[in-house]
There are 2 protein chains.
Amino acid sequence: MKKLKEDIPACPIVYTMTYLGGKWKPIILGRLLKGPVRFGKLAVQIPDISRKILTEQLKELEEDGLIIRHSYNEKPPRVEYELSEIGQTVIPVLLAMTELGSKMHEAITRHKRVATGA
Amino acid sequence: MKKLKEDIPACPIVYTMTYLGGKWKPIILGRLLKGPVRFGKLAVQIPDISRKILTEQLKELEEDGLIIRHSYNEKPPRVEYELSEIGQTVIPVLLAMTELGSKMHEAITRHKRVATGA
DNA sequence: ATTGGTAGTGACGTTTATGTAACTAAAAGC
DNA sequence: GCTTTTAGTTACATAAACGTCACTACCAAT
């Protein structure tokens, strides 16, 4: 999502969205909740993301200071990503979103049944 | 954001994003936290959204069952939007995002100062 | 008859986000 | 010296999201 960044906008929610917006960032961060993960492992755990996009998103998250990239000078290369201290502050949002996801799935399924008369 | 909808995906977070994704939905919902608001008032309170996009986003939120549209049969027209019961379940996410927005703004400002050596 | 106010819609164009396919480097194992 | 492995990059193409501008309908007041 395009950045507004420097100014905190009218609504801090929009500001948050500039960091978490997009299809993949929340799920990537979700994978890092339990500690450092290698690039290749992320790619496997999130099968529908292309490696190119994964690289890009990780780079943005790193530039935004939410994650830390550890590159070990080995061959073949080994690179690990982990939540930074700032990145830890997204955890409550991720948890709330997780909770919401489940509730919505249940509620909206019901809503649809009603709406369609099924 | 494009929908995955029917199946709850590997990560409920992604599922949540299909409902809250995009630049405007969270801020629109944020405006409805305190009760029903008219279309025109939303447009004024969120000055940077075009009325067309506002209409579209409201329609999607309504289709997703998150908000309710009340159209009073008056001339000139009066239309009000409010959070549905399902919509209320986003409140914790909005609050967590609000909190995060403030924390991030402060933290990332500091991060940037460090990163640029200023 | 013209203007003002409300909540839109439709055609069209731009920007942002995401995707695919082909390619690189450098060491290790055969 | 050919292949495998990892973490990428580059060029290119498509899809999704967002935007502008012009327009509608209806009634009331001027």
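Across all strands shown, A/Lys59 has heavy atoms under 4.0 Å from sugar-phosphate atoms exclusively, and none from any base.
One finds no side-chain N or O of A/Tyr81 lying less than 4.0 angstrom from the OP1 or OP2 phosphate oxygen of D/dA7.
Once you apply a 4.0 Å limit to the heavy atoms of chain B, the touched nucleotides of DNA chain C run 5' to 3' over C/dG5 to C/dA11.
Judged as a side chain to side chain contact (heavy atoms under 4.5 Å, CB included), and not counting sequence neighbours, the contacts of B/Thr89 are A/Leu100, A/Lys103, A/Met104, B/Ile86. With sequence neighbours excluded, the residues forming a side chain to side chain contact (heavy atoms under 4.5 Å, CB included) with A/Thr98 are B/Pro12, B/Ile13, listed by chain and number. With sequence neighbours excluded, the residues satisfying side chain to side chain contact (heavy atoms under 4.5 Å, CB included) with B/Gln88 are B/Leu83, B/Ile91.
Contact of the A/Ile46 side chain with the A/Trp24 side chain is registered, since non-hydrogen atoms from C-beta on lie closer than 4.5 Å.
Here the P atom of nucleotide D/dC18 and the CG atom of B/Leu58 are 13 Å apart, to the nearest Å. Counting to the nearest Å, the P atom of D/dA7 and the CD atom of A/Glu80 are 9 Å from each other. In this structure, CZ of A/Arg78 is placed 13 Å from P of D/dG8, rounded to the nearest angstrom. Taking atom CD1 of residue B/Ile46 and atom C1' of nucleotide D/dC18, one finds them 15 Å apart after rounding to whole Å. Note: CZ (A/Arg38) to P (D/dT5) measures 13 Å, nearest angstrom.
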Sequence-aligned protein contact record of nucleotides 20-29 of chain D, with B where the base is within under 4.0 Å of a protein heavy atom and S where only the sugar-phosphate is | B-----SS--
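The side-chain hydrogen bond (donor to acceptor under 3.5 Å, both in side chains) contacts involving residues 49-58 of chain B comprise B/Lys52-B/Glu56, where partners must be two or more places apart or lie in separate chains. Residue pairs meeting the side-chain hydrogen bond (donor to acceptor under 3.5 Å, both in side chains) criterion with at least one member in residues 32-43 of chain A: none, sequence neighbours excluded. A salt bridge (charged side-chain N to carboxylate O under 4.0 Å, His left out) check over residues 72-82 of chain B, counting only residues at least two apart or in different chains, returns the pairs B/Glu74-B/Arg78, B/Arg78-B/Glu80.
Judged by distance alone, the side chain of A/Thr16 and the main-chain N or O of B/Met97 form a donor-acceptor pair under 3.5 Å.
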